[in-house]
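Here the structure is laid out as structure tokens; the discussion comes afterwards.
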Amino acid sequence: MQNRRIVVTAALPYANGDIHLGHLVEYLQTDFWVRFQKMRGNECLYICADDTHGTPIMIRARRDGITPEELIEASYARHTKDFAEFQIEFDNFYTTNSPENRDFCNTIFKRLEKNGALYCKDIPQLYCPDDKMFLPDRFVRGTCPKCNAPDQYGDSCEKCGATYAPIEMKDAHCAVCGKAKPEVRNSEHIFFDLDQFRNYLKDWLSKHVATDVANKLLEWFSDDSKLLPWDISRDAPYFGFEIPDHPGKFFYVWLDAPVGYMASLLNWCLKNGEKFDRWWNNPDAELYHFIGKDIVRFHCLFWPAMLHASDFKGPDQVFVHGFLTVNGEKMSKSRGTFINARTYLDFLDPAFLRYYYACKINNTTDDVDLSLDDFSQRVNSDLVGKITNLASRGAQMLHKSLDGILGEMDEAGKKLVSMFLSRADIIAEHYEARRFSQVPVEVCKLADAANEYFDGAQPWKTIKTDVEATRKVLTTILNLFRLITIYMKPILPHYATKVEKLFMEEPYTWESLKTVLENRPVAPYEYLAVRVLPEQVAGMVDASKPAVPEVLISAEPTVEPLKAEIEIGAFAVSDMRVALVENAAPVEGSDKLIQLTLSLGPLGTRNVFSGIRASYPDPTVLNGKLVVLLANLKPRKMRFGISEGMVLSAGSDTSKLCVISPAGNAKPGDPIG
RNA sequence: GGCGGGAUAGCUCAGUCGGUAGAGCAAUGGAAUCAUAAUCCAUUGGUCGGGGGUUCGAGUCCCUCUCCCGCCA
């Protein structure tokens with residue numbers, strides 16, 4: 001059979017924010033699928049990019065006093081680092097702010113124009129005279145025209161659910177400057193006439209998306225109503241691409257974002273000496289988009305219509321997944337369940353989230369729940385207890401008593417191996433159909449069988465009586481473990497790499513299932529996974545709670561309001577001490593943390609991890625300083641070690657914190673109160 | 001408000017064509033001590049969100065109510 005040629009995309013993360021565990025539901029399942037395809041020998045590319053344009057980025061950059069280019073560059077660095085540490089392997093991760101993307105947008109626009117898919121129309125828009133810009137609905141606030149609820153967004157009311165145009169609002173004001181009253185100005189906008197493509201789309205939906213998604217979208221195709229046109233232009237000032245022959249008009253960010261898939265692919269082609277048309281417009285190549293259900297409208301209506309109208313090939317399938325909930329609820333900053341990828345990495349092994357998500361993700365649009373208790377439990381009992389333990393007990397005994405050399409398998413072992421191999425096609429089908437949750441189910445059944453075999457054979461007893469029979473048992477166990485690793489490799493790639501090292505083999509592919517390891521040495525066993533401890537999860541949740549309440553975009557700097565009044569006793573329970581910074585150093589693998597060695601004088605030294613890296617990019621400036629340590633804080637285990645206390649600092653902006661330093665006669669160990 | 005999805009064991013979920021409820025984990029009892037307190041054997045555990053209907057028979061089909069979630073361009 002000829003190898004397939006497949007292009008896979010995940011939705012582009014917006015450059016105005018960090019990657020969080022919700023994003024990872026998508027990037028990880030896409031990674032599972034792509035890695036599986038590659039293991040099968042298919043040519044498969046994982047294409048993505050940062051989505052960099054639009055008003056929110058322009059305003060954020062303006063507020064931070066930097067250019068949008070600087071903002072998106074910083075995001076790019078953070079995003080790619082987070083993805084890499086979660087073992088997400090893009091073939092190309094690019095940016096929508098690229099020459100390739102500009103060219104594709106222009107080409108598509110000109111073709112749409114030529115094919116009569118576009119028209120211009122004057123529409124009234126709110127304009128802020130202070131900021132000298134047109135305001136997107138989300139940047140207008142005012143009183144709801146229906147229910148009079150104050151301080152609502154410009155497009156809909158959160159109180160009564162009414163939807164309206166921003167110009168209908170009472171006392172509308174600009175949310176960028178926070179005060180100016182917007183004026184109504186007419187502006188010419190360019191529209192994509194979606195309704196022209198209703199028959200094409202009806203047909204397209206029946207073939208290229210799951211039926212539940214198609215049915216939902218088809219609700220808009222009733223005979224007596226038209227599909228609404230799509231406004232694809234925005235007025236200057238706007239961070240994006242200016243539309244050819246329309247000075248002062250820019251492509252709406254949602255037009256150039258999906259085009260970014262093509263641009264990122266082209267960029268990969270240019271770097272690798274490949275032709276774009278071999279991958280995208282080739283009927284023999286497959287194109288798949290992985291997206292969340294929130295952006296179905298863009299990917300299953302506008303995008304296929306736009307590609308069709310500009311003579312490009314559309315996606316073969318759009319795979320739609322649900323949202324992430326944490327402990328059964330929407331992610332919440334105040335509950336500490338809005339967890340950034342980086343915060344997770346500060347406390348836990350990325351392989352564990354990969355494993356857990358695999359257990360929960362399938363090919364439906366249902367939401368995925370990250371239950372934190374369930375997470376620890378499953379990782380500890382399945383991944384560590386059942387699976388990893390096989391290698392741990394097998395390889396260590398082989399080294400302790402049998403010189404680390406594999407022998408041959410016994411009859412029972414051979415039978416087990418062929419039973420394991422008989423599951424290969426079923427597991428492959430689960431991957432192919434994106435029923436990832438079924439893979440750990442299958443694999444755990446195999447691990448159970450292997451553990452039963454091990455216990456039944458009692459090698460810890462036979463080692464005293466029949467050394468070679470024991471070698472057979474351990475050879476079997478390690479071969480079974482190896483097969484499990486191959487099955488799990490798309491989900492646990494770095495784990496698999498460690499196992500490849502253990503057995504001194506080339507990187508595993510699906511073909512590696514056919515090999516049997518006999519009569520050869522095994523490298524010394526190194527830990528493959530360490531149990532999750534409750535304090536790591538608790539620490540991650542704590543660290544995700546905001547130090548300050550979320551402040552909406554606003555020109556006015558704010559400080560936290562005072563907390564409720566307390567009795568002196570509530571303060572007296574905390575024991576704060578003067579501490580001397582003996583050594584301050586950055587923590588390898590963490591953006592947020594620095595590691596401090598503190599002297600408390602007669603009370604000894606402490607190791608403390610402090611999340612103030614953003615404020616102290618060069619932690620060594622703290623060396624020799626006196627600081628204040630909350631010294632009776634319960635030690636907390638983090639991914640990098642145990643933190644024994646908390647250093648106090650002032651400020652609410654995490655990038656502008658200032659460590660509190662006692663002056664005068666204070667010496668290490670002195671109490672503070 | 002409209003539309004859609006969901007509610008099954010302590011937890012996470014499966015349940016096909018209607019035939020008196022399944023798995024894993026947890027819990028309990030035992031075994032084992034090679035292994036990272038990991039493993040093995042056994043057991044317990046459910047009015048399938050409430051009510052009504054169709055049917056010989058309903059977790060499954062129909063109606064209704066309650067609660068949760070999402071979407072409404």
Side-chain angles (χ1 to χ4, degrees), chain A residues 137 146-147 155-157 160-163 165 192 194-195 211-222 225-231 254 292-298 300-302 320 322-325 327-331 356 359-362 364-402 435 437-438 440-445 447-464 470 473-474 477-478 481 525-533:
Chain A
D137 296 352
K146 302 253 161 60
C147 75
D155 52 355
S156 65
C157 173
C160 71
T163 55
F192 177 67
L194 189 66
D195 199 59
T211 46
D212 59 333
V213 175
N215 288 342
K216 187 71 200 160
L217 289 169
L218 286 168
E219 287 173 14
W220 293 331
F221 284 67
S222 71
S225 72
K226 288 193 154 199
L227 290 171
L228 294 188
W230 183 36
D231 183 352
W254 257 114
K293 60 186 179 183
D294 52 330
I295 54 175
V296 159
R297 188 163 55 94
F298 296 99
C300 301
L301 294 180
F302 302 151
V320 183
F323 296 137
L324 178 71
T325 56
N327 294 335
E329 289 173 312
K330 205 167 156 178
M331 298 195 295
Y356 187 72
C359 290
K360 307 284 290 204
I361 292 172
N362 54 34
T364 70
T365 41
D366 296 339
D367 289 349
V368 173
D369 185 46
L370 165 60
S371 159
L372 292 171
D373 290 339
D374 189 46
F375 165 80
S376 315
Q377 204 174 79
R378 280 181 106 125
V379 166
N380 289 344
S381 38
D382 295 350
L383 186 55
V384 181
K386 268 183 193 174
I387 297 173
T388 308
N389 198 223
L390 285 171
S392 179
R393 53 204 309 215
Q396 288 186 83
M397 199 192 288
L398 192 72
H399 272 283
K400 212 177 277 174
S401 316
L402 296 163
R435 290 186 300 260
S437 63
Q438 293 307 302
V441 169
E442 287 291 333
V443 162
C444 282
K445 277 187 213 159
D448 283 342
N451 276 311
E452 280 166 38
Y453 166 81
F454 195 96
D455 269 52
Q458 300 187 310
W460 58 90
K461 279 189 187 162
T462 60
I463 190 72
K464 292 168 193 156
T470 311
V473 171
L474 298 183
I477 279 297
L478 289 172
F481 171 72
Y525 180 76
E526 284 174 26
Y527 277 9
L528 295 165
V530 179
R531 293 171 62 82
V532 173
L533 299 175

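Numbered from 1 within each chain, the chains take letters A, B, ... in sequence-line order. On a predicted model such as this, the values are computed, not experimentally measured, just so you know. Side chains are part of it too, since the values below use all heavy atoms of this structure and drop only hydrogens, waters and symmetry mates.
Both distances falling under 3.5 Å, in either a Watson-Crick or a G-U wobble arrangement, place B:rG24 opposite B:rC11. Under the Watson-Crick or G-U wobble criterion, with both distances below 3.5 Å, B:rC3 is paired with B:rG70. Nucleotide B:rU55 has no partner under the Watson-Crick or G-U criteria, as no pair reaches both atom distances under 3.5 Å. Pair check for B:rU44 finds none; no Watson-Crick or G-U wobble contact set falls under 3.5 Å. Within the shown strands, nothing qualifies as a pairing partner of B:rA37 under the Watson-Crick or G-U definition with both distances less than 3.5 Å.
For A:Asp369, the listed nucleotide lying nearest its side chain is B:rC13; candidates were B:rC13, B:rU33, B:rU36. In the set B:rU12, B:rC25, B:rA73, the nucleotide with an atom closest to the side chain of A:Arg378 is B:rU12. Between B:rC25, B:rC34, B:rC11, one nucleotide has an atom nearer to the side chain of A:Asp382 than all others, and that is B:rC25. For A:Phe323, taking side-chain heavy atoms from C-beta onward, the closest of the listed nucleotides B:rC25, B:rA35, B:rC71 is B:rC71. Residue A:Arg531 places its side chain closer to B:rA37 than to any other of B:rA37, B:rU12, B:rA73. With B:rC34, B:rU33, B:rU39 as the choices, the nucleotide that has an atom nearest any side-chain atom of A:Lys461 turns out to be B:rU33. Among B:rA73, B:rG70, B:rU36, the nucleotide with an atom closest to any side-chain atom of A:Thr388 is B:rU36. The side chain of A:Glu452 has B:rC41 as its nearest neighbour among B:rA73, B:rC41, B:rU36.
As a whole-Å value, the separation of A:Leu370 CG from B:rC13 P is 11 Å. Between A:Asp455 atom CG and B:rA38 atom P there is a gap of 15 Å when expressed in whole angstrom units. In this structure, the CG atom of A:Asp374 is 11 Å from the P atom of B:rC11, given to the nearest Å. Atom-to-atom, CD1 of A:Ile463 to P of B:rC34 comes out at 11 Å; the value is rounded to the nearest Å. Between the OH atom of A:Tyr453 and the C1' atom of B:rA35 there is a distance of 17 Å, rounded to whole Å. Atom C1' of nucleotide B:rG5 and atom CG of A:Asp294 are separated by 16 Å, given to the nearest angstrom. For A:Asn389 and B:rC40, the CG to C1' distance is 12 Å, given to the nearest whole Å. At whole-Å resolution of the value, CD in A:Glu442 and C1' in B:rA14 are 13 Å apart.
Between A:Lys386 and B:rC25, a side-chain N or O to OP1/OP2 separation shorter than 4.0 Å is present. Residue A:Lys293 places no side-chain N or O under 4.0 Å from the OP1 or OP2 atom of B:rC71. Between A:Lys400 and B:rA35 there is a side-chain polar atom (N or O) within less than 4.0 angstrom of OP1 or OP2. Applying the 4.0 Å criterion to OP1 and OP2 of B:rC40, one finds that A:Gln458 has every side-chain N and O outside that range.
Annotation: B:rG15 and B:rU54 have their P atoms spaced 29 Å apart (nearest Å). Across the P atoms, B:rU47 and B:rU60 are found 16 Å apart, a figure rounded to whole Å. Comparing B:rU16 with B:rG22, their P atoms sit 13 Å apart, to the nearest whole Å. Comparing B:rG45 with B:rA9, their C1' atoms are spaced 6 Å from each other, to the whole Å. Remark: the separation of the C1' atoms in B:rA14 and B:rG1 is 36 Å, to the nearest Å. To the nearest whole angstrom, the two C1' atoms, one in B:rA58 and one in B:rU20, are 11 Å apart. Spacing of P atoms, B:rG30 relative to B:rC68, comes out at 45 Å, to the nearest Å. Comparing B:rG46 with B:rC11, their P atoms sit 13 Å apart, to the nearest whole Å.
The distance from the CD atom of A:Gln438 to the CD1 atom of A:Ile361 is 13.5 Å, given to the nearest 0.5 Å.
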Determine whether A:Ser371 and A:Asp373 satisfy the following criterion, side chain to side chain donor-acceptor pair (under 3.5 Å), listing intermediate values before the conclusion. CA-CA 6 Å; A:Ser371 159; A:Asp373 290 339; 5.7 Å; no
Does A:Gln377 form a side chain to side chain donor-acceptor pair (under 3.5 Å) with A:Ser381? I'd like the steps, not just the answer. CA-CA 6 Å; A:Gln377 204 174 79; A:Ser381 38; over 6 Å; no
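The aromatic rings of A:Phe298 and A:Trp254 sit parallel to each other, their planes meeting at less than 30°, with 60° as the upper class boundary.
If you check every strand for non-hydrogen atoms under 4.0 Å, A:Leu217 touches nothing. Looking at heavy-atom distances under 4.0 Å, A:Ser392 makes contact with a base. At the heavy-atom level, A:Ala529 lies under 4.0 Å from base atoms of the strands shown.
The shortest side-chain heavy-atom distance between A:Pro440 and A:Cys359 falls under the 4.5 Å cut-off.
Along RNA chain B, the nucleotide closest to A:Arg393 and the one closest to A:Arg297 are compared, and the more 5′ of them pairs with A:Arg393. In this structure, A:Ala447 and A:Gln396 both approach RNA chain B, and ranking their closest nucleotides by distance from the 5' end singles out A:Gln396.
A salt bridge links A:Lys386 with A:Asp448; the closest basic N to acidic carboxylate O contact falls under 4.0 Å. A salt bridge links A:Asp455 to A:Arg393: at least one charged side-chain nitrogen sits closer than 4.0 Å to a carboxylate oxygen.
At a cut-off of 3.5 angstrom, the base of B:rU36 holds at least one donor-acceptor pair with the side chain of A:Tyr525.
At distances below 3.5 Å, not a single donor-acceptor pair connects side-chain atoms of A:Asn380 with backbone N or O atoms of A:Arg531.
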